[in-house]
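Each remark here refers to the structure printed beneath this line.
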Amino acid sequence: MEENNMSIDEIRQRRLNRLLSQQPQPQPTETEVSVSSINLKEKKEELLPSSVPMDTSESTKPESMEIEETEKNSKRKSITQESGPRKIENIQPLNQLNELNLIENIFQVKIQSDKEPNQDNSIFTIILDQTFLNYQVFYREIIQEILFNIITNIDENFLNKTLNDRSLTFILDSYKRMSISFNTQSICLKYLVDSYSRVFKNTKSTQQYDKELLENIFAECRLQIVRNIILLLNGNYHRNTYNLTESQLTPLLIANYVPNDLICHLITESSLTQSNCFHGSIKFKNDFESIFIPIVNSLSQKMNKNSLALSETEYMSPLYVLRELCEIKIEQINPICSLMSEMSNWIPNSGNSEWENNGKMLAVTSVFGPFFKLSIFPEEDPKIVERYFRRDTESELTAETLTLISKQLHPILAATRTELHRIVKALVYNKQSRENLINFLKYTIRYNYKRSNIQLNESIVCGDGYMLNVLFILHELARPIKKEKVELMPLFDSKISPIRITDDESKLNSDKEKYLEWLNALPKSTEKPNFNTDIFFLTMNCHHISVISIISKYMRRVRVIKELNKNVEELKKSENNWKNTPLANRYRKIIQRFQNKVKVSVFDLIVKFMFQLK
């Protein structure tokens, strides 16, 4: 971290001095031993005298800055070559000029000894001293110098030129949808992702090089690119740019711009290094946490604002991205699943008594809750009404119209639930996150248990669509369970499971004293229930606060509709008695209000039972 207090010129000179003073030399031939041993020290002193600072303020500025136009597929690319960091034992020095041209093609740069106009399609022109180029340097140092020059020279002028590039339209739209600003850090990140992709393109097009040297160069390029992405996302290049709730990498993931192999390599490399990134009083264990926690948080925030009335790209992209991240497996572990389940906002304030019965707060503030929020109920998503049930006239909805809308909404709802189930399945298969997922489902049902009450305060519980999504997931998890593997004891033991039969529940063929006597006579179990038992009883309890609760609400609304219709008919029958009185306008407003309530109630029932419970 000493480089944070140094200028760019001092950092560059320090790196070049280290390059010339510490790197091992290639083995000379017998006729060159005496010459190399005498002239090496003189060459170093002549090239970089320690007392003279390097002036690179003018020489390292790019001459030509034209963004390369590359076409990206709509689906994220999958590169089959090995993407993890490779241990390179015998790193060979860079032999000019073939290997240097190969590195230039990968990073789209032109390395020159003097300031000449750039004639090719390179993004940057990097000026290096001719003596430095003549000296046999290691390609690792060349790659580091290239990336450092490019990232530190991208400024606002380059950003303004880039914004006019039509090839970036879909990326800019992705940043806009995520409400993340597109800045110089975004340009640097896009350049590094493009360079990583070009490594594999050059792998297929280079056949005349030495295979061992070629593999080492490509592996080193990938490694240095990933390490610079880590530094960039942690805010080491641009100060005060780290944010715990959003990441510059998320819009690129949403736009399917990042190869899967780059994500795997980023997870592997960031898990090996200790993080120097702070956010307030939070200190991360490693770079993996400091990089992927903002990504998960930004996806969760996006889902909190999502609606099924938007385009498919809007509401499905966060689910696709999280599913792909959760399904990445490294050494029989799903790292993103483990990270999500161990985040502080997985079950926020689970020990706070004020949150004990507030299911809506859990759904909004937890990192995983917003992914269950997609619903077509009007009280949860009013945009559904505006898009699918907007009527310009006072005519009623016909059966044909409702059938057509039903055919449109059912596949949408099924697709979102399928993606959600794949995410949950990845959390279940990962041993480190399985127990935390069960706890999340337990607290979700526990905090929403008042939904089974007749008198309900809907401001402290989750909506009907949210609970039906939870029930769908539990049904899919309980489908392969065999009844022989289900234990009975956790249903009555409060120390083992928060979901249990309480003492004040109504009992059939028993009073409270007999029930307590029977309960005390049961053998006590100290072991935690198995996964099958947890899922079985969670599914059973979820029925009471989801489907059964909605059916009860339906019956109450049917009665309300009948009463409203009855009141409207009575007022209309007595119209002759009040139409010529001063209260006529008041009675007409009452009739109109009752009719509007009937329309809203009938519409809500249609939505619930045509599109959710079918």
Side-chain angles (χ1 to χ4, degrees), residues 304 307 347-350 352-366 368-385 413 440-475 494 497-508 537-565 567 593-594 596-614:
N304 233 336
S307 169
I347 306 177
N349 297 328
S350 58
N352 193 340
S353 58
E354 298 179 357
W355 286 52
E356 195 69 21
N357 297 315
N358 199 328
K360 183 162 288 187
M361 290 299 295
L362 177 66
V364 173
T365 58
S366 64
F368 197 40
F371 292 90
F372 290 86
K373 286 188 65 177
L374 289 177
S375 170
I376 59 173
F377 285 178
E379 61 268 20
E380 296 178 69
D381 190 0
K383 295 180 181 179
I384 289 288
V385 181
L413 198 59
F440 173 81
L441 295 173
K442 286 179 180 178
Y443 281 105
T444 298
I445 296 176
R446 179 179 178 180
Y447 289 171
N448 291 281
Y449 213 75
K450 286 189 175 181
R451 282 178 52 88
S452 59
N453 297 350
I454 296 177
Q455 298 296 330
L456 174 63
N457 182 7
E458 295 187 358
S459 63
I460 62 173
V461 294
C462 297
D464 296 336
Y466 185 98
M467 295 310 303
L468 286 175
N469 290 334
V470 175
L471 180 63
F472 173 83
I473 297 302
L474 288 172
H475 265 297
S494 60
S497 175
I499 306 301
R500 66 184 184 93
I501 296 178
T502 58
D503 297 340
D504 56 352
E505 292 278 355
S506 299
K507 313 296 189 302
L508 297 177
F537 285 116
L538 286 173
T539 307
M540 183 188 68
N541 280 272
C542 191
H543 277 84
H544 288 278
I545 61 177
S546 57
V547 173
I548 297 177
S549 175
I550 294 173
I551 292 175
S552 300
K553 186 186 296 185
Y554 164 77
M555 299 304 296
R556 291 193 296 270
R557 290 195 178 185
V558 167
R559 289 194 295 267
V560 170
I561 290 172
K562 290 181 179 180
E563 291 177 2
L564 289 173
N565 286 328
N567 293 334
R593 186 169 68 251
F594 284 169
N596 290 336
K597 286 184 178 179
V598 170
K599 289 180 180 180
V600 172
S601 299
V602 171
F603 167 76
D604 193 25
L605 294 178
I606 290 173
V607 171
K608 278 182 171 60
F609 289 90
M610 281 199 67
F611 306 131
Q612 289 279 21
L613 301 181
K614 187 175 179 180

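Treat the numbers as computed from the prediction; the structure is a model and nothing was measured.
The shortest non-hydrogen separation linking F377 to D464 is CE1-CB, 2.6 Å. Across every non-hydrogen atom of S375 and G465, the tightest pair is OG-CA, 3.4 Å. Pairing each heavy atom of P370 with each of V364, the nearest pair is CG-O, 4.1 Å. The shortest heavy-atom contact between Y447 and V461 is O-CG1, 4.5 Å. Taking all atoms of both residues into account, the shortest heavy-atom contact from V470 to C542 is CG1-SG, 4.1 Å. Across L538 and I445, no two heavy atoms sit closer than the pair O-CD1, 3.3 Å.
Side chains of I545 and Y449 form a contact here, defined as non-hydrogen atoms less than 4.5 Å apart. Proximity of L468 to I550: side-chain heavy atoms (C-beta onward) are separated by under 4.5 Å at one or more points. Between P348 and L362, some side-chain heavy-atom pair lies under the 4.5 Å cut-off.
Contacts of S549 classified as side chain to side chain contact (heavy atoms under 4.5 Å, CB included), with partners at least two apart in sequence or in another chain: R451. By the side-chain hydrogen bond (donor to acceptor under 3.5 Å, both in side chains) test, K373 is found to be paired with N304, residues two or more places apart in sequence or in another chain being considered. Partners of Y466 according to the ring-ring contact (aromatic ring centres under 6.0 Å, His included) rule, which considers only residues two or more places apart in sequence or in another chain, are F372. Every residue was checked against the side-chain hydrogen bond (donor to acceptor under 3.5 Å, both in side chains) condition with S366, not counting sequence neighbours, and none meets it. Every side-chain hydrogen bond (donor to acceptor under 3.5 Å, both in side chains) that H475 has, sequence neighbours left out, goes to H543. For N565, the side chain to side chain contact (heavy atoms under 4.5 Å, CB included) test picks out I561, V598, with sequence neighbours left out.
Here CD1 of I548 is found 9.5 Å from OG of S452. Values are rounded to the nearest 0.5 Å. The structure places CG of D381 at 8.0 Å from CG of L374, a figure rounded to the nearest 0.5 Å. Separation of atoms CG (L474) and CE (M540) is listed at 12.0 Å; rounding is to 0.5 Å. Atom CE of M467 is separated from atom CZ of F472 by 15.0 Å, given to the nearest 0.5 angstrom. Expressed to the nearest 0.5 Å, how far CG of L441 lies from CZ of R446 amounts to 14.5 Å. Going from atom CG of N448 over to atom CG of L456 covers 9.5 Å, rounded to the nearest 0.5 Å.
Other residues, nucleotides and ligands contribute over 12 non-hydrogen atoms within 6.0 Å of the NZ atom of K360.
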